[in-house]
Colleague: 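One structure coming up, written as structure tokens, with questions to follow.
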Amino acid sequence: MTHDASPSQAPSDRRTVAVVINPSKFTDVDEVKATVAAGASRAGWAEPLWFETSVEDSGTAAAEAALDAGADVVCAMGGDGTVRAVAAVLRGTGVPYGLLPSGTGNLLARNLGIPLTDLDDAVEIALLGQDRAIDVGTATFDDGEERVFVVMGGVGLDAQIMDNTDDELKKKVGWGAYVAAGAPALFKGGFEATLTIDGEAEEPTNCLMVLACNCSSVVANIELATGAVLDDGDLELVMLRPNVVAGWLGVAIDVATRNRNGLASLKQWPGREFEFELDQPVLAELDGDPVGETTRGRFGVDPGALIVRLPVPAAQAPGLSPRTAVVVDPAVA
Ligand SMILES: [Mg+2]
């Protein structure tokens, strides 16, 4: 790092942020780019580099190009699918990951306490925040390739809900849209899952969903996997079992109100390695993206494999230049 960060410096001497953006998520991409560029300029950084996702590329090629460009931090602006694709590329590289808010989703940013509504603050955190290593979830379905997730991977109801949920509806009504989309699935019989948790085989169980969670809030504002944190090297496996219909309504209400008391239908295990075998093909999802049907597979964790940029909890002090607040209220985040 140099001592002189004045704008007159040669661009090659200044730090660079690369942003992988899904332009379809923004009504005014130019305005978004201008806001990020202004933040970079304020921090004495070079003009940001932009890499757009496309119908053919959900972010993998764009993130690889961002890495190749030698960026000091790589950011994602898009849905949770973009965030996941960039995370897969940055995993294990040590290059810090900045999360910039964008429309729906933002599941990882939400769990990290990064502002979801203020792009200026989020840019400042991405450029000047503190680094923290978090775990990356891994998933393998049938005999396919290993894929990653940052928030959750699952089979069953959650995947069906994600598959059914209309984006516009999701924007307007939030959790209600998930419940509405899932309602038809609630009344199907579910499937039988045989789980092996860190080498220990469980009895085959009839269930509606098996979800490996890297953090607790896996659907907007719903703490489904109690106690799951991103930096402990563990996942939490949550299984949702069908009881009677009345029990189902109870699950929806209890989960929505974060009240788990008396919930007989949710079962949870911590662990690092979960294998599952299903009695029929069931739809799977990773971070909310349906990824096809599966009958057997595994969820695992790559501890500390991703470096993320977090808010710096520094108070304003007479010896520091004033900054916009980065205080995040968990109640509204
Ligand atoms: Mg964990």
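Just so you know, ligand 1 is whichever comes first in the structure, and atom 1 is the first atom listed for that ligand. Every heavy atom of this structure was used, including side-chain atoms; hydrogens, water molecules and symmetry mates were not.
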Colleague: Indicate if the distance from the Mg ion (ligand 1) to the nearest N, O or S atom of Asp231 falls below 2.8 Å.
Modeller: no
Colleague: Kindly assign one of parallel, tilted or perpendicular to the pair Phe141 and Phe276, based on the angle between their ring planes and the thresholds 30° and 60°.
Modeller: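 Tilted.
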Colleague: Report the atom name of the nearest N/O/S atom of Asp232 relative to the Mg ion (ligand 1).
Modeller: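 Of the nitrogen, oxygen and sulfur atoms in Asp232, the Mg ion (ligand 1) lies nearest to OD1.
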Colleague: Same hydrophobic cluster for Val291 and Val155, using side-chain heavy-atom links shorter than 4.5 Å among ILVMFWY?
Modeller: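 Yes.
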Colleague: Does Asp302 form a side-chain hydrogen bond (donor to acceptor under 3.5 Å, both in side chains) with Thr138? I'd like the steps, not just the answer.
Modeller: CA-CA 7 Å; Asp302 189 358; Thr138 61; over 6 Å; no
Colleague: Using a cut-off of strictly less than 2.8 Å, determine whether Gly233 has an N/O/S atom near the Mg ion (ligand 1).
Modeller: no
Colleague: Checking only N/O/S atoms, does Asp234 have one that is under 2.8 Å from the Mg ion (ligand 1)?
Modeller: yes
Colleague: Pick out which of Asp131, Ile134, Ile114, Ile125 makes a side chain to side chain contact (heavy atoms under 4.5 Å, CB included) with Val308.
Modeller: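 That would be Ile134.
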